[in-house]
Protein chains: 2
Amino acid sequence: MRHKQVNLSKNQQIVLETIRKAKKPLKAYSILSSVKKKGINAPPQVYRALEKLVELGVIHKIESKNAFVDCKNSECETSKATAFSICKKCQKITEIMNSKLSTYLTNFQDNTGMKYEKYNLEFYGLCKRCKL
Amino acid sequence: MRHKQVNLSKNQQIVLETIRKAKKPLKAYSILSSVKKKGINAPPQVYRALEKLVELGVIHKIESKNAFVDCKNSECETSKATAFSICKKCQKITEIMNSKLSTYLTNFQDNTGMKYEKYNLEFYGLCKRCKL
DNA sequence: TAACGCTTGTTATAATATAACATTATAACA
DNA sequence: TGTTATAATGTTATATTATAACAAGCGTTA
Ligand SMILES: [Zn+2]
Ligand SMILES: [Zn+2]
Ligand SMILES: [Zn+2]
Ligand SMILES: [Zn+2]
């Protein structure tokens with residue numbers, strides 16, 4: 001199974017395909033301009049689709065970039081435990097799938113009495129290529 | 001020592017004080033309207049100050065909120081290793097200062113060959129009060 | 001003083017996101 | 001089937017967040 005399947009509306013499918021075809025995280029207005037030929041004309045249509053897709057966990061938002069990537073992790077049922085590495089130079093973004101890390105963070109507790117239900121972690125650095 | 005001291009320009013001091021006085025994370029335009037009486041008139045002045053203060057690590061940006069809080073962690077020399085807990089209900093934000101967590105994340109490595117230099121982690125949940 | 005770099009101020013505009021309301025498609029069921 | 005409810009979509013306008021571009025001031029030093 002390469003991708004998670006869900007019942008998606010037409011606009012949601014169009015937006016999702018656009019994101020999947022891209023090699024980079026896409027911004028909402030960049031998605032909008034890509035999908036204008038497919039009949040999506042205005043920001044709310046894109047933002048609604050994005051919201052639903054994030055909710056379903058088939059895409060994630062990179063908060064520090066205001067950009068969206070499709071989820072490559074078949075274990076992401078929702079967007080509740082996400083970790084990314086972001087190359088500061090080439091902007092390449094990779095979803096980190098590391099069960100030790102996710103177990104560690106999902107079970108993380110401190111003494112504030114807060115119950116953590118969700119987290120998002122973004123690492124920044126230089127990727128293998130850009131390090132050279 | 002309650003707060004880190006650095007040589008700050010006038011605008012930086014004004015913005016920093018405004019953030020420190022606030023009990024909640026502040027957004028840039030909310031800061032702007034607070035400081036208009038002190039002679040700061042336009043967005044770039046606020047954004048420049050914010051940028052510098054983040055760089056110095058005296059404030060942090062909560063990426064998922066586009067908001068700024070002052071750093072309460074005397075060990076934050078820069079904004080290179082940050083973790084926050086965010087209450088989904090009351091929006092209360094706390095900087096997590098947990099040396100085990102920061103050691104774990106600072107040393108985190110995976111097999112992508114990427115060298116991580118910086119991270120930002122945001123936990124969401126319900127705080128002690130809102131859990132009731 | 002003149003030239004330079006740096007910080008600040010100012011105007012304008014770009015980029016990101018949502019409110020509000022109108023319209024159309026779909027489903028449930030009398 | 002027609003009727004009603006619900007969800008999805010379309011549309012216009014606007015709010016919010018952020019930066020570009022340039023002008024003005026100011027201290028340093030050649
Ligand atoms: Zn995922
Ligand atoms: Zn790179
Ligand atoms: Zn800090
Ligand atoms: Zn709360």
Side-chain angles (χ1 to χ4, degrees), chain A residues 5-19 22 24-56 58-69 79 84 86 88 91 93 120 122 124, chain B residues 6-19 22 24-56 58-70 79 84 86 88 91 93 120 122 124:
Chain A
Q5 290 299 338
V6 212
N7 272 349
L8 297 178
S9 77
K10 184 165 143 270
N11 287 356
Q12 289 160 11
Q13 283 172 39
I14 293 170
V15 168
L16 178 54
E17 268 176 37
T18 305
I19 292 173
K24 305 207 286 174
L26 294 184
K27 304 202 154 213
Y29 275 72
S30 142
I31 294 169
L32 177 56
S33 71
S34 304
V35 300
K36 280 214 162 133
K37 51 199 164 207
K38 298 197 176 161
I40 296 181
N41 303 303
Q45 296 172 283
V46 171
Y47 279 100
R48 281 175 198 147
L50 289 172
E51 185 184 18
K52 197 62 180 295
L53 294 168
V54 166
E55 218 173 281
L56 293 169
V58 295
I59 67 171
H60 300 302
K61 180 173 188 181
I62 309 298
E63 295 289 354
S64 63
K65 301 282 177 196
N66 300 316
F68 299 83
V69 291
S79 297
F84 301 94
I86 303 170
K88 290 193 286 188
Q91 301 299 317
I93 294 187
N120 179 56
E122 298 180 5
Y124 308 86
Chain B
V6 212
N7 271 350
L8 298 177
S9 76
K10 185 167 142 262
N11 287 356
Q12 290 159 10
Q13 283 173 37
I14 293 170
V15 168
L16 178 55
E17 266 176 41
T18 305
I19 293 173
K24 307 208 284 176
L26 294 184
K27 304 202 154 213
Y29 276 72
S30 141
I31 293 169
L32 177 56
S33 72
S34 305
V35 299
K36 280 214 161 132
K37 52 198 160 203
K38 298 198 178 162
I40 295 181
N41 304 302
Q45 297 173 283
V46 172
Y47 279 100
R48 282 175 197 148
L50 289 172
E51 186 185 16
K52 196 61 182 297
L53 293 169
V54 167
E55 220 173 281
L56 294 170
V58 294
I59 67 171
H60 301 301
K61 180 174 186 180
I62 309 299
E63 294 289 353
S64 63
K65 301 282 176 194
N66 299 316
F68 300 84
V69 292
D70 70 307
S79 296
F84 301 94
I86 303 170
K88 293 193 286 191
Q91 303 298 317
I93 294 187
N120 179 55
E122 297 179 6
Y124 308 86

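Below, read A as the first sequence line, B as the second, and so on, with proteins coming before strands; counting in each chain starts at 1.
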Give the rounded distance in Å between these two atoms: CG of B/L26 and P of D/dT17.
12 Å
Separation of A/E51 atom CD from D/dA8 atom P, in whole Å?
12 Å
Under 4.0 Å from OP1 or OP2 of D/dG10: is there any side-chain N or O of A/N11 that close?
yes
Are A/N41 and D/dT11 close enough that a side-chain N or O sits under 4.0 Å from OP1 or OP2?
yes
Roughly how far, to the nearest 0.5 Å, is CG of B/L16 from OG of B/S9?
10.5 Å
Hey, what do you get for OG (A/S34) to CD1 (A/I14), rounding to the nearest 0.5 Å?
11.5 Å
Quick check on contacts: within residues 27-36 of chain B, what sits under 4.0 Å from DNA chain D by heavy-atom distance?
B/K27, B/Y29
With sugar-phosphate meaning primed atoms plus P, OP1 and OP2, does B/K61 contact a base, only sugar-phosphate, or nothing at under 4.0 Å between heavy atoms?
sugar-phosphate
Between B/S9 and B/P43, just flag the one whose closest nucleotide in DNA chain C comes earlier from the 5' side.
B/S9
Whichever of A/N66 and B/R48 has the more 5' nearest nucleotide on DNA chain C, that residue is B/R48
Are more than 12 heavy atoms, taken from residues, nucleotides or ligands other than B/E51, located less than 6.0 Å from that residue's CD atom?
no
Tell me, yes or no, whether the heavy-atom count around B/K24 atom NZ, taken from other residues, nucleotides or ligands under 6.0 Å, exceeds 12.
no
May I ask you to test the [X]-[Y] pair for a side-chain heavy-atom distance under 4.5 Å?
{"X": "A/K65", "Y": "A/Q91", "answer": "yes"}
{"X": "A/I31", "Y": "A/I40", "answer": "no"}
{"X": "B/L32", "Y": "B/K27", "answer": "no"}
{"X": "A/R48", "Y": "A/N11", "answer": "no"}
{"X": "B/K10", "Y": "B/Q13", "answer": "no"}
{"X": "B/V69", "Y": "B/F84", "answer": "yes"}

Check every nucleotide of DNA chain C for an atom under 4.0 Å from a heavy-atom of chain A, then give the first and the last such nucleotide from 5' to 3'.
C/dT16 to C/dA20
For A/S64 and B/N120, what are the C-alpha separation, side-chain angles and deciding distance, and is it a side-chain contact (heavy atoms from CB on, under 4.5 Å)?
CA-CA 9 Å; A/S64 63; B/N120 179 55; over 6 Å; no
Five pairs at each end of the helix from C/dT1-D/dA30 to C/dA30-D/dT1: take the axis at both ends and give me the angle between them to 10°.
10°
